[in-house]
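Just below is one structure, and these are the notes that go with it.
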Protein chains: 2
Amino acid sequence: MARPTLASLATELGVSRQTISNALNAPDRVRPATLKRVLDAIEAAGYRPSAAARQLRTRRSMNLGMRLLPATDGINGSILDRFLHALTESAQAAGYRLTLFCADTDDDEVRQYEQLLHVAGLDGFVLTSSRRDDVRTRWLQEHGTPFAIFGRPWGELQRDGSARHPWVDIDGAAGTAEAVTHLVRQGHSRIGFLGWHDGGPVGDDRRAGWEHAMRASGLSEHISRLRISTPDTIAGGVSGGRKLIERDATAIVCASDSLAIGALESLRELRPRLFLPGQPAGPGLRAAVVGFDDTPVAAALGLSSVAQPVEDAARHIVRLLTYELAGYPAAGTMPDESLLLTPHVVERVPLPLAPPA
Amino acid sequence: MARPTLASLATELGVSRQTISNALNAPDRVRPATLKRVLDAIEAAGYRPSAAARQLRTRRSMNLGMRLLPATDGINGSILDRFLHALTESAQAAGYRLTLFCADTDDDEVRQYEQLLHVAGLDGFVLTSSRRDDVRTRWLQEHGTPFAIFGRPWGELQRDGSARHPWVDIDGAAGTAEAVTHLVRQGHSRIGFLGWHDGGPVGDDRRAGWEHAMRASGLSEHISRLRISTPDTIAGGVSGGRKLIERDATAIVCASDSLAIGALESLRELRPRLFLPGQPAGPGLRAAVVGFDDTPVAAALGLSSVAQPVEDAARHIVRLLTYELAGYPAAGTMPDESLLLTPHVVERVPLPLAPPA
DNA sequence: AGGGCATATTTGATCGATCAAATTATCGCC
DNA sequence: GGCGATAATTTGATCGATCAAATATGCCCT
């Protein structure tokens with residue numbers, strides 16, 4: 001049997017199409033008795049409204065779009081994975097579907113927006129980063145397309161009120177600061193920072209958090225000496241870690257897990273005694289290196305790391321988008337237009353590896 | 001100005017809707033002169049047919065669905081990432097869009113199929129695994145829904161011809177076999193295998209490849225002694241690696257990169273001399289541990305690994321699906337209904353770490 | 001009983017494309 | 001030049017829902 005349509009169900013039930021439609025979209029307009037009868041019939045017949053037909057009429061596709069970025073690092077890139085999963089789940093729970101697409105460049109991404117809006121009628125987009133002077137956000141705003149960003153609008157915010165847009169981000173500085181606090185509590189004082197040197201705002205933010213916490217803990221004197229940047233790789237972490245340890249650092253806060261894996265390695269190399277079994281809990285090994293992003297590798301190696309609440313971020317992104325798409329309804333349920341989530345250190349005990357020779 | 005529709009463009013151009021429609025869908029039915037005029041106008045007006053309207057009439061959404069699995073390991077799971085990316089790209093190139101969804105269980109996945117088919121009118125699905133006795137494939141087949149699997153139909157194949165379905169997979173056995181060949185060529189003979197012990201077909205397959213290659217290389221005597229399985233973690237790799245090395249293995253083929261990372265560690269621990277700089281190329285360090293999946297971590301550590309051609313797999317999946325969705329057109333272009341791709345070893349020189357004390 | 005009003009339900013038009021069939025142009029050929 | 005066949009184009013109906021407006025029903029009250 002072909003699946004039922006509004007019309008077929010209507011004649012079978014002896015009511016009009018519109019009544020069934022109302023039962024689903026505006027139940028309060030239908031008399032309770034009829035409502036029940038209709039809903040039961042819908043249930044029994046397994047009726048599901050066609051999204052295409054509905055979209056044609058209402059101009060809403062209940063479909064969000066997101067660009068899948070070309071696989072970055074892969075070590076650090078795994079946060080985007082978790083984010084994507086959480087996003088799909090949240091969107092689904094809110095009755096939206098998620099459509100993926102690829103783009104080579106930002107300009108290409110804009111071209112895709114246009115395509116997807118016109119052709120597929122997507123309702124909004126999720127961006128996973130924002131640039132200093134972003135063609136994408138500009139285009140979206142000019143065209144009145146709803147969107148939300150996972151990532152702060154780094155430069156633009158202060159410039160112009162009209163350029164504001166909803167975003168969610170994770171407070172990197174708070175994360176590195178918490179890492180410092182943890183280490184101080186464990187007795188460390190010579191706490192280094194190992195960052196990458198692309199001059200990007202994300203890296204700067206994480207370094208700033210470390211600096212701030214160092215000052216707050218009265219450790220300002222170490223700041224300029226124990227601040228190092230290298231390429232964001234494991235190898236970079238090793239060499240950077242070596243330098244910091246040579247400059248007498250006992251603990252290292254890293255801007256990424258790649259760096260942290262390398263830094264941990266350098267610690268094993270230059271301070272093998274720390275890795276002896278039964279080492280006291282003082283300014284010893286435990287959490288002496290803290291990574292960032294809490295990637296699966298870090299977890300597997302027992303590396304402490306700053307864990308980003310990406311699931312919360314995804315949920316809020318969906319909340320922001322659906323709120324706007326619902327036409328800014330009741331003021332009571334309005335979500336924050338921008339939200340800075342605080343990440344937290346996950347402490348781990350390093351995997352017992354190679355005791356010193 | 002509102003975006004043009006078929007009708008608006010038609011009146012503006014002085015032709016009928018259908019002619020424009022034909023210009024796009026059946027250009028050979030339109031006189032060349034008219035065709036050019038119409039296509040130029042389409043270009044100029046930036047006209048794009050509405051997917052919703054088209055779908056309503058044709059019952060094709062040009063939309064494929066894929067379940068996003070709950071983040072697995074994350075170390076090994078990163079292949080699915082690359083796969084997803086390649087899939088999106090291939091689908092896009094073929095004019096299809098990709099819709100993601102989540103499901104808690106296989107039964108839930110089936111429920112989602114039904115939803116997505118009825119509501120969103122998805123044209124087909126991509127599965128990223130197949131179970132021994134799969135409710136999902138059964139449902140899809142019973143309902144005549146096109147689908148293709150990344151992964152072999154492990155048990156079912158031999159049972160019943162009607163249960164056949166298109167799939168693409170990567171020949172794990174060929175990968176581990178190639179790893180053995182490489183190691184033999186480098187002078188190794190006591191080559192161990194480190195697998196996980198869940199008894200799943202994927203792990204069995206990889207082990208079988210190693211065994212087969214060992215026999216083919218006249219190394220059968222080592223098989224039973226140098227075959228070990230542990231949990232699929234870095235820690236498991238360390239302990240398993242230790243055992244193998246104690247049993248005099250000089251090289252280790254691993255069923256995953258997690259295991260390989262651990263195994264490499266055990267080698268550093270018990271055979272530190274191998275890691276001295278300037279070690280000869282003979283049965284030395286180079287490629288002495290081979291992982292599987294060629295994950296970013298492996299690459300970062302300079303670990304040799306068996307790289308799966310997931311991009312090819314994704315491309316073929318799309319080819320399979322689009323072929324079926326096009327109604328099995330010309331026989332000449334028919335893609336193989338099942339395809340086993342051969343992975344290859346990527347050789348790397350390990351990152352110089354901790355020289356022995 | 002019947003008018004006035006609010007509530008409940010139905011009807012016809014519409015979103016933007018394609019299908020199937022009807023109509024009109026074009027061409028070869030005697 | 002005119003006939004038939006084929007090619008090119010147009011017309012009306014349709015996919016399955018919602019919108020806006022029209023109609024039916026119920027309720028209260030004088």
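Lettering follows sequence order; numbering is per chain, from 1. Quick caveat: nothing in here was measured; it's all calculated off a predicted structure.
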Exercise. May I have the distance from B:N22 (atom CG) to C:dA20 (atom C1'), rounded to whole angstrom?
Key: 12 Å
Practice problem: Ignoring backbone atoms, test whether B:T34 places a side-chain nitrogen or oxygen under 4.0 Å from the OP1 or OP2 oxygen of D:dT9. | Solution: yes
Self-check item: Side-chain N,O (A:S21) to OP1/OP2 (D:dA17) below 4.0 Å
Solution: no
Quiz item: Would you say the base of C:dG16 and the side-chain of B:R48 have a donor-acceptor pair closer than 3.5 Å?
Solution: no
Self-check item: Pairwise side-chain contact, B:L84 with B:L98, heavy-atom cut-off 4.5 Å (strictly under)
Solution: yes
Quiz item: Heavy atoms under 4.0 Å, any strand shown: does A:T5 hit a base, just sugar-phosphate, or nothing?
Solution: sugar-phosphate
Quiz item: Between atom CZ in B:R3 and atom C1' in C:dA17, what is the gap in whole Å?
Solution: 14 Å
Practice problem: Check whether any side-chain nitrogen or oxygen of A:T58 sits under 4.0 Å from OP1 or OP2 of D:dC19, and answer yes or no. | Solution: no
Quiz item: Expressed in angstrom and rounded to an integer, what is the separation of A:N25 atom CG from D:dA17 atom P?
Solution: 11 Å
Quiz item: Angle class for the B:W139/B:Y113 ring planes (parallel below 30°, perpendicular above 60°, tilted otherwise)?
Solution: tilted
Quiz item: In whole Å, what is the span from the CZ atom of B:R29 to the P atom of C:dC19?
Solution: 9 Å
Quiz item: Would you say the side chain of B:Q18 and the base of C:dC19 hold a donor-acceptor pair, judged only by whether the two atoms sit under 3.5 Å apart?
Solution: yes
Quiz item: Can you find a side-chain donor-acceptor pair between B:H85 and B:R82 that sits under 3.5 Å?
Solution: no
Practice problem: Name the orientation class of the two ring planes belonging to B:F150 and B:F83 (parallel below 30°, tilted from 30 to 60°, perpendicular beyond 60°). | Solution: parallel
Quiz prompt | Nucleotide nearest A:R57 (side chain, heavy atoms from C-beta), chosen from C:dT14, C:dG16, D:dT11 | solution = C:dT14
Quiz prompt | Whole-Å distance separating the CZ atom of A:R59 from the P atom of D:dC19 | solution = 12 Å
Quiz prompt | Spacing of B:L24 atom CG relative to C:dG16 atom P, expressed in whole Å | solution = 16 Å
Quiz item: Can you tell me if the side-chain N/O atoms of B:S16 get under 4.0 Å from OP1 or OP2 in D:dT10?
Solution: yes
Practice problem: Verify whether one side chain among A:T5 and A:S8 offers a donor that lies under 3.5 Å from an acceptor in the other. | Solution: no
Quiz item: Does the D:dG12 base have a donor-acceptor partner in the side chain of B:R17 within less than 3.5 Å?
Solution: yes
Self-check item: Atom-pair distance (CG on B:L9; P on C:dG16), nearest Å
Solution: 13 Å
Quiz prompt | Between P of D:dA8 and CD1 of B:I20, the distance in whole Å | solution = 17 Å
Practice problem: For A:R54 and for B:A53, locate the closest nucleotide of DNA chain D by heavy-atom distance; then report the residue assigned to the nucleotide nearer the 5' terminus. | Solution: B:A53
